[in-house]
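Some notes on the structure that comes next.
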Amino acid sequence: MSSIFTLSIVQSALELGCIYSLVALALFISFSILNIADLSTDGCFTLGCAVGAVVTIAGHPFLAFPAAMAAGVASGFITAFLQTRMGVPSILAGIIVNTGLYTVNIAVMGFSSNVNLFACDTIFSLAKDKVAADWYNSWYKIILVVAIVLLVSVILAWFLNTRLGLSIRATGDNEHMVRASSINPVFTITVGLCLSNSLTALSGAILAQYQKSCDINLGTGMVTIALASLIIGETIIGKGGMFKKVIGVILGSCLYRFIVAVALRMSVPAECLKLVSALIVAIAIAFPYLKGQASFLKTRKTLERAGRKDGGSVC
Amino acid sequence: MLSLKQISKTFNPGTVNEKKALDQVNLELADGDFATIVGSNGAGKSTLFNAITGAFYVDEGQIILAGENITYRKEHIRSKEIGHLFQDPLKGTAPHMTIEENMALAYLRASTSSHAFFSRISSKEKQMFKEQLALLNMGLEDRMKQPVGLLSGGQRQALTLLMATMVTPKILLLDEHTAALDPATAQKVLDLTKRIVAERRITCLMVTHNMHQALELGNRTLMMDSGRIVLDISGEERSALTVEDLLQQFSLQAGKQLDNDRILLSK
């Protein structure tokens, strides 16, 4: 087993897990809190990646993040606008925006299907060699992404406990209550989707700098992967406050990357990765249900056995 | 306080399902009035409430609350001044949020400034919520951090009532808010309602299917049928009225026999 868990696998699972955990956090807002399946996630991730890459190439590795987030906010606003003001059902609104984003993304990348950042500075290349120690050079990427993700989590957990955050949470929790109280659902849905899409785009921008490239198909299946991370996270954390839940989502994302890394290590061909992802998602979603069923069967069997012992008939 | 002027609402106009839910309804509620509303299912009681809260806009007429014309005001803006309790105790609170968070949301009405958006619940407010909850005598003040989904229907309805009246509304609409509770809990919530409404002199409209309640509670009784208010009594005329009289009035005014056994049986 030791050959499966090498240090580099753990490291890359942590790095990717943290980067993608921002998308899982985005779905935590849209899917878990607002109860909206935002299918524009795939396109928005690529949008963040493309904007981040282009701004980085222009020589602004730090500006890349706010720029990508602004692009994400714009995309989220359009999705929200379609469903709150134009009467488009929420799933359709996501699909429509996702489709439109494909062209936007290509345009952002200068009408080419991929760009690379090999020749320019990224936050990773800037952070490298800042400390002359061996451990630093193998861990600096993790330190960077963990710092960003922790910062985002703290801000997010704080925000969700402000009055506006509470209103957003109530919007997805009880529609009737929201209508009877002074909350404007149009406003809260818009803010929620803008926020979630900005996180998705931020994740894309970090990935662009991390892997020094951006591809038009990068976002494909992102919503499934993020959903898997989210559900794994919710399964392992269970109940708790907002900060605990946010941390759970990040752990879920890292765990998911870890499972994928192990699958790859066990010589699953790379072409089968999407199938492996789909399997993991299906198992992660089915797991809590199956657990409940198993405990029910166990109780039933115990009761039936006890009944037989007492001489009662089992029907 | 509230005045409805000739309001009408027709659902699905021009189709076979066309239904005139409100038909030229006129109503004047004075400040501090507590009126009960009876009427068979489909008489337009809930539709009347929804017209007042702004769930839809009326086809004709005007709605005036405390001197302001709110006929075309949006629902979430109106709800700053209107408390609304539903029959279903699950509708009034957010189940996955804690008691404290639910109360903080209700307390949002009190703040009109936009900088309040990014403020958190202060310890002073927490203390106030706690004191208010203690008045319910349900032990909820020690469960502030628990999600509301864990409470019983009665507790949730009591909490909803507290939330609806925490910032005194200009009008309180109670849509059979005790009908889904067991008799003892229903009585408790009802007593609480009476106390709060009396203490704050809240103008109140209450739908009920219990004829005794309809005559006992408040100072005015309205009867609705086919989208119209067919009976409106108060004062001595009302105190002289018995449940039998009320039932008889119903058939007289509505011009038809009672066919709703829910009303007949709820003595």
Side-chain angles (χ1 to χ4, degrees), chain A residues 28-36 80 84-85 87 154-192 194-195 230 233-234 237-246 248-249 288, chain B residues 49-50 53-55 74-98 100-122 125 145-150 156 159-160 163-164 166-167 169 173 175:
Chain A
F28 174 64
I29 299 170
S30 59
F31 186 74
S32 297
I33 291 182
L34 277 176
N35 208 8
I36 290 171
T84 55
R85 301 272 185 198
V154 169
I155 294 175
L156 184 62
W158 170 83
F159 173 76
L160 289 175
N161 282 320
T162 62
R163 273 158 225 277
L164 182 55
L166 290 180
S167 311
I168 292 174
R169 285 162 60 194
T171 307
D173 203 12
N174 190 346
E175 183 198 341
H176 295 285
M177 175 203 181
V178 165
R179 297 207 299 143
S181 60
S182 58
I183 300 166
N184 180 3
V186 171
F187 178 69
T188 48
I189 288 175
T190 308
V191 173
C194 286
L195 182 67
L230 179 66
E234 282 181 348
I237 281 287
K239 292 190 182 78
M242 273 299 133
F243 189 68
K244 204 173 155 196
K245 279 184 179 159
V246 166
V249 173
Chain B
F49 277 13
N50 287 335
T53 61
K74 282 186 183 144
E75 190 177 13
H76 70 272
I77 298 173
R78 288 189 207 191
S79 59
K80 272 187 187 295
E81 297 170 341
I82 299 175
H84 192 182
L85 259 73
F86 305 94
Q87 178 180 355
D88 183 353
L90 306 184
K91 280 187 179 173
T93 43
H96 295 102
M97 296 170 72
T98 64
E100 195 173 85
E101 287 167 344
N102 269 282
M103 294 186 79
L105 280 174
Y107 198 58
L108 267 181
R109 298 174 199 208
S111 59
T112 43
S113 57
S114 56
H115 74 260
F117 271 154
F118 294 104
S119 65
R120 295 165 64 103
I121 312 169
S122 69
E125 281 165 349
K145 297 280 181 201
Q146 282 186 16
V148 168
L150 297 179
R156 280 182 81 161
L159 178 64
T160 310
M163 283 162 55
M166 194 153 54
V167 177
L173 306 175
D175 194 350

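Numbers restart at 1 for each chain; the letters A, B, ... are given by sequence-line order, proteins then strands.
Panel note: side chain N184(A), backbone H76(B); no donor-acceptor pair is recorded below 3.5 Å. A donor-acceptor pair under 3.5 Å links the side-chain atoms of N174(A) to the main chain of L90(B), judged by distance alone.
If you measure heavy-atom distances from L85(B) to chain A, you find no contacts under 4.5 Å at all. Contact of T93(B) with chain A is made through the backbone alone, with heavy-atom distances under 4.5 Å.
Taken to the nearest 0.5 Å, the OG atom of S167(A) stands 5.0 Å off from the CG atom of L108(B). Taking CG of N161(A) as the start and OG1 of T98(B) as the end, the distance is 8.5 Å to the nearest 0.5 Å. Within the model, atoms CG of D88(B) and NE2 of H176(A) stand 7.5 Å from one another, a figure rounded to the nearest 0.5 Å. Taken to the nearest 0.5 Å, the CG atom of L164(A) stands 13.0 Å off from the CZ atom of R120(B).
A180(A) and S79(B) make their closest contact through O-CB, 3.5 Å (heavy atoms, listed as atom of the first residue, atom of the second, distance). Counting all heavy atoms, side chain and backbone alike, S119(B) lies closest to R163(A) at OG-NE, 2.7 Å. Nearest heavy-atom pair, K80(B) versus S182(A), reported as atom, atom and distance to 0.1 Å: CG-CB, 3.6 Å. The minimum heavy-atom distance linking A55(B) with R179(A) is given by the pair CB-NH1, 4.1 Å.
For CZ of F31(A), the number of neighbouring non-hydrogen atoms (other residues, nucleotides, ligands) closer than 6.0 Å is 12 at most.
Top candidate by heavy-atom pairs under 4.5 Å with chain A, chosen from K74(B), M97(B), R78(B), is M97(B).
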